[in-house]
Amino acid sequence: MNFRFTTAGESHGPGLVTIVEGLPAGLELDREALDRDMARRQLGHGRGGRMKIETDTVEIRTGVRHGKTLGSPIAALVANRDYKNWDERMNPWPVEADIPEITLPRPGHADLTGMWKYNQTDLRNILERASARETAARVAAGAIARAFLTAMGVTVRSHVTRIASVEAPERQDLKPEDFDGVDDDPVRCLDPEASARMVERINVLRKKNESLGGTFEVRVFGLVPGLGSHISWEDRLDGRLAQAICSIQSIKGASIGEAWDVASRPGSEAHDEIFWSEDRGWYRETNHAGGLEGGMTNGEPLSVRAAIKPISTMTKPLRSVDIKTREPAKAHKERTDSTVVPAAAVVGEAMICLVLAKCYREKFGGDHIDDVIGALDAYRDRIGWR
Ligand code: EPS
């Protein structure tokens with residue numbers, strides 16, 4: 001019952017694959033809900049031409065029968081529709097055509113170090129796997145994990161909080177329903193005024209051939225206290241979430257709760273006092289900690305923020321050096337996006353779903369979903385959690 005997932009696939013190869021292992025039997029999957037998450041990842045003002053080619057869908061191949069999991073590994077495919085335009089360049093087998101090599105590494109990408117490490121002369125052998133196209137497979141896996149979390153009473157949402165220098169106002173009081181409609185916003189921002197300025201900023205910088213980074217937040221509602229553990233460094237949930245978030249292409253920072261702000265406050269303004277009443281049970285008035293204390297969920301909404309750098313494939317390339325001639329040259333230029341912050345937030349949701357699904361599997365065990373729900377209910381009764 002060790003929950004885990006992996007992905008395989010190149011950006012312009014035939015497609016992407018994910019295998020998700022360790023879910024209980026009897027969990028209902030909704031095909032439309034899986035594809036909805038795939039479509040959400042394709043959203044956002046500032047995406048490039050590729051998104052007009054792809055319409056990502058999850059093709060389940062194993063582990064599910066008549067809409068319910070069997071408890072066996074679930075294999076899912078996401079086709080690359082663009083492959084038909086790359087058949088020769090990305091064919092798994094030798095081709096007749098002479099395929100030119102890519103020799104101009106892009107600053108900020110995996111190209112240069114990947115060349116050294118994997119002993120390549122064609123940078124395409126590095127960039128195809130380093131590409132953020134791989135996140136489509138993570139979102140497919142995350143959508144499967146989300147179905148399990150939904151059965152656990154958990155809701156995972158996200159919103160964009162900054163694009164380049166444009167920041168949305170801070171919102172501490174968010175409820176799950178506040179996120180309804182966030183996918184209809186062109187940059188998945190909850191504040192219409194900030195959203196309009198973000199769109200404007202993307203348009204201005206895109207014309208200048210610039211790419212843009214930003215920040216987003218993922219909030220999780222309905223978590224039971226006690227996921228993760230204070231017992232050992234590798235079980236602490238803060239670290240597990242940060243690892244999952246920072247593993248997303250281009251993400252350079254992750255934080256929990258009011259992390260950077262709390263660092264400058266006195267302790268009396270940094271922690272969340274504990275209350276209990278007959279009608280509410282255990283509760284807090286504040287959530288500076290972002291739902292984690294001692295490496296464990298404390299029952300408050302989880303808040304994870306992330307910072308993503310501007311995309312490193314530039315339409316006006318930066319200076320680089322040709323790996324064959326060692327002559328100075330401009331970096332390789334490929335079709336690309338201007339910004340992917342709205343999409344990255346959806347990928348962030350997926351990664352957090354995958355980490356939390358693993359936590360629920362660790363804590364509650366069970367081979368059938370009814371066993372898991374039974375164990376969860378018994379735990380809630382024991383700690384008096386409502
Ligand atoms: C990416 C470059 C672009 C993005 C791609 C990630 O692809 P292409 O070179 O085919 O235009 O569109 O992202 C996706 C395809 C996707 O599905 O998110 C890169 O270099 O990382």
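Start at 1 and go down the list; that is how both ligands and their atoms are numbered.
Neither the backbone nor the side chain of Leu127 comes within contact range of ligand 1; no heavy atom lies under 4.0 Å. When non-hydrogen atoms are compared, ligand 1 lies under 4.0 Å from the side chain of Arg47 (C-beta onward) but not from its backbone.
Taking a 6.0 Å sphere around NZ of Lys208, one finds it holds 12 or fewer heavy atoms contributed by other residues, nucleotides or ligands. Remark: Gln42 CD is packed, more than 12 non-hydrogen atoms of other residues, nucleotides or ligands lying under 6.0 Å away.
With hydrogens left out, the protein atom closest to atom 21 (O) of ligand 1 is Ala132 N, 3.0 Å, a heavy atom. The nearest protein atom to atom 5 (C) of ligand 1, hydrogens excluded, is given as Ser131 OG, 4.1 Å; this is a heavy-atom distance. The protein heavy atom nearest to atom 4 (C) of ligand 1 is Asp337 OD2, 3.3 Å.
Side chain to side chain, Arg41 and Thr135 meet the donor-acceptor criterion of an N or O pair below 3.5 Å.
The option with the heavy atom closest to atom 18 (O) of ligand 1, from among His12, Met51, Arg41, is Arg41. Looking at Arg335, Arg133, Met38, Arg50, it is Arg335 that brings a heavy atom closest to atom 2 (C) of ligand 1.
Of the residues listed (Arg129, Lys117, Arg106), the one engaging Asp111 in a salt bridge (Lys or Arg N to Asp or Glu O under 4.0 Å) is Arg106, and it is the only one.
Taking the charged nitrogens against the carboxylate oxygens, Glu210 and Arg206 have no contact shorter than 4.0 Å, which rules out a salt bridge.
Heavy-atom distances between Gln249 and ligand 1 stay at or above 4.0 Å for every pair.
The ring of Phe179 has its center closer than 6.0 angstrom to the ring center of His159.
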